[in-house]
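One structure is given here, and the rest of the page talks about it.
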Amino acid sequence: GIDLSDEQLERLSELKHSSFARIGHTRIDIMNLRHELMKELSASEINETRVLQIKSEIKECKSQLTDLMVDSMLALAKLLTPEQRKEVKL
């Protein structure tokens, strides 16, 4: 593993806690929206307006997920020294 200072360890712990929670919630939102989409698509009367709304919500959540993941990777990269980034291949 890489050698982290106490300050880096503390900041990494904070980053993991906040990032994982937000990423996890967004993934759950996507899963729930997909479930809702399947429910709408299997209904006897398909509500096309609602299906398109759910599609839009899924796209927004996926965009948020990408933002969260890249922001987390950026924060991690900024936390590490250039040598440490090379070691973890960032």
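Sequential numbering from 1 along the given sequence is applied to the chain's residues.
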Inset, instruction - Drop me the distance from Asn47's CG to Leu52's CG, to the nearest 0.5 angstrom. - result: 9.0 Å
Inset, instruction - Following the transitive rule for hydrophobic clusters with a side-chain heavy-atom cut-off under 4.5 Å over Ile, Leu, Val, Met, Phe, Trp and Tyr, establish whether Leu9 and Ile2 coincide in one cluster. - result: yes
Legend entry - Separation between CG of Leu79 and CD of Glu7, rounded to the nearest 0.5 Å: 8.0 Å
Legend entry - Hphob cluster co-occupancy, Leu74 + Leu68, side-chain heavy atoms under 4.5 angstrom: no
Inset, instruction - Start with the C-alpha distance between Leu4 and Leu80, add both sets of side-chain angles, then the distance that settles side-chain contact (heavy atoms from CB on, under 4.5 Å), and finish with yes or no. - result: CA-CA 8 Å; Leu4 297 174; Leu80 302 175; 3.6 Å; yes
Legend entry - Atom pair CG/CZ of Leu37 and Arg34 - distance to nearest 0.5 Å: 9.5 Å
Inset, instruction - Not counting sequence neighbours, list each pair that qualifies as a salt bridge (Lys or Arg N to Asp or Glu O under 4.0 Å) and has a residue in residues 44-64. - result: Glu36-Arg50, Arg50-Glu57
Inset, instruction - Taking all heavy atoms of Leu33 and all of Ile54, pick out the closest pair and write down the distance. - result: O-CG2, 3.5 Å
Inset, instruction - Would you mind reporting whether Glu40 and Ile46 have side-chain heavy atoms less than 4.5 Å apart? - result: no
Inset, instruction - Following the transitive rule for hydrophobic clusters with a side-chain heavy-atom cut-off under 4.5 Å over Ile, Leu, Val, Met, Phe, Trp and Tyr, establish whether Phe20 and Met69 coincide in one cluster. - result: no
Legend entry - Residues in side chain to side chain donor-acceptor pair (under 3.5 Å) contact with Gln84, at least two apart in sequence or another chain: Gln8, Thr81
Legend entry - Pairs flagged by side-chain hydrogen bond (donor to acceptor under 3.5 Å, both in side chains) wherever residues 10-32 is involved - sequence neighbours left out: Ser19-Ser72
Inset, instruction - Starting at CG of Leu65, measure out to SG of Cys61 and round the result to the nearest 0.5 Å. - result: 8.5 Å
Inset, instruction - List the steps, then state whether side-chain contact (heavy atoms from CB on, under 4.5 Å) holds for Val70 with Met73. - result: CA-CA 5 Å; Val70 171; Met73 291 188 305; 4.2 Å; yes
